[in-house]
Amino acid sequence: MPDPAWSLHSRLKEDTIDIGDLPLSKVLVIKDAHYPWLLLVPRRPDAVEIIDLDEVQQAQLMTEISRVSRALKEITKCDKLNVAALGNLVPQLHVHIIARRTSDAAWPRPVWGVMPPLAHDATEVQNFISALRRKIWLG
């Protein structure tokens, strides 16, 4: 069960669209149409690093990363997945899962800071979210 003391960091709230909750993590879409870009945020207060989770939670996080990564790859047919837990700007533990294409604006560099965020088309992002929710068993 999620801890009632947990809340999503304000920066993550501002920069994302909430898709739903897996057993451990909140699943979010980054508001940047340049890249299919998801976040998993374990709903545990004070978790900054993966090692702040106990071993069972770490295993659950890896299961959720695998499930979401597999779904994202199937939906986007991307060339590469980037998976990272950096947290240099937002200390709350969160894992980025980004579908990359050799034709994207940042390739082969990391996506951060290359292009200003591009707003999603409302219909396209809802179709993407619906497909993702089905693939990761959220609805």
Side-chain angles (χ1 to χ4, degrees):
M1 292 298 299
D3 189 309
W6 181 87
S7 65
L8 186 62
H9 188 281
S10 60
R11 176 78 184 259
L12 297 182
K13 272 186 202 173
E14 180 182 318
D15 292 347
T16 62
I17 302 164
D18 189 345
I19 294 178
D21 292 332
L22 292 171
L24 176 66
S25 304
K26 180 165 281 305
V27 184
L28 306 161
V29 174
I30 291 283
K31 293 178 183 174
D32 186 352
H34 287 296
Y35 319 96
W37 185 347
L38 305 174
L39 291 182
L40 294 181
V41 185
R43 294 183 312 278
R44 295 297 180 267
D46 303 320
V48 174
E49 309 291 350
I50 292 172
I51 59 172
D52 294 335
L53 303 174
D54 66 33
E55 289 182 357
V56 171
Q57 293 166 347
Q58 289 176 31
Q60 180 63 37
L61 179 59
M62 284 306 303
T63 297
E64 293 177 4
I65 290 169
S66 295
R67 181 190 302 177
V68 171
S69 295
R70 193 172 295 110
L72 186 60
K73 188 159 188 159
E74 285 179 30
I75 290 166
T76 65
K77 310 293 189 231
C78 62
D79 298 312
K80 178 76 176 94
L81 289 171
N82 290 174
V83 179
L86 302 172
N88 295 340
L89 292 176
V90 174
Q92 183 173 52
L93 176 59
H94 59 286
V95 178
H96 298 265
I97 305 172
I98 310 165
R100 301 294 306 275
R101 292 191 176 82
T102 56
S103 61
D104 75 39
W107 187 266
R109 298 172 313 278
V111 298
W112 288 272
V114 174
M115 302 284 292
L118 176 66
H120 286 284
D121 173 83
T123 302
E124 286 180 19
V125 76
Q126 283 310 313
N127 290 341
F128 172 68
I129 289 169
S130 294
L132 191 63
R133 286 178 58 84
R134 281 191 301 276
K135 289 250 183 231
I136 62 174
W137 313 316
L138 285 176

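Just so it is clear, the model here is predicted, and its values are computed rather than measured. One is the number of the first residue; the rest follow in order along the sequence.
Contact record, Val114 with Ala106: CG2-CB, 3.7 Å, taken as the closest heavy-atom pair. Heavy atoms only, all atoms of each residue included: Gly20 and Arg133 are closest at CA-NH1, 4.1 Å. For the pair Ser25 and Glu64, the tightest heavy-atom approach, listed with the atom from each and the gap, is OG-OE1, 2.7 Å.
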Full working for side chain to side chain contact (heavy atoms under 4.5 Å, CB included) between Lys31 and Asp15: CA-CA 6 Å; Lys31 293 178 183 174; Asp15 292 347; 5.7 Å; no
Verdict with supporting geometry, His96 and Asn82, side chain to side chain contact (heavy atoms under 4.5 Å, CB included): CA-CA 7 Å; His96 298 265; Asn82 290 174; over 6 Å; no
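Around CG of Asp46, the count of heavy atoms belonging to other residues, nucleotides or ligands within 6.0 Å does not exceed 12.
Linking Ile, Leu, Val, Met, Phe, Trp and Tyr whenever their side-chain heavy atoms come within less than 4.5 Å puts Trp37 and Leu86 in one cluster.
Arg100 contributes a side-chain N or O that, together with a main-chain N or O of Arg109, makes up a donor-acceptor pair within less than 3.5 Å. In terms of modelled atom types and a separation under 3.5 Å, the side chain of Arg67 and the main chain of Lys135 share no donor-acceptor contact. Checking side-chain atoms of His120 against main-chain N and O of Ile30 turns up a donor-acceptor pair under 3.5 Å.
Looking only at side-chain heavy atoms (C-beta outward), Pro42 and Gln57 stay at 4.5 Å or farther from each other. At a threshold of 4.5 Å between non-hydrogen side-chain atoms, the residues Phe128 and Thr76 count as touching. With a 4.5 Å cut-off on side-chain heavy atoms, Pro36 and Lys73 do not count as touching. The shortest side-chain heavy-atom distance between Gln92 and Leu8 falls under the 4.5 Å cut-off.
If you take CD1 on Ile75 and NZ on Lys77, they are separated by 8.5 Å, rounding to the nearest 0.5 Å. In this structure, CG in Leu72 is found 9.5 Å from CD1 in Ile136, a value given to the nearest 0.5 Å. With rounding to the nearest 0.5 Å, the separation of CG in Asp32 from CE in Met115 is 8.5 Å.
For Asn127, the side chain to side chain donor-acceptor pair (under 3.5 Å) criterion is met by no residue, not counting sequence neighbours. For Ile50, the side-chain contact (heavy atoms from CB on, under 4.5 Å) criterion is met by Gln58, Leu61, Ala85, Leu93, not counting sequence neighbours.
Residue Ile17 forms a side-chain contact (heavy atoms from CB on, under 4.5 Å) with just one option from Val125, Leu38, Leu28, and that option is Val125.
Salt bridge annotation for Arg44-Asp52: absent, with no cationic side-chain nitrogen under 4.0 angstrom from a carboxylate oxygen.
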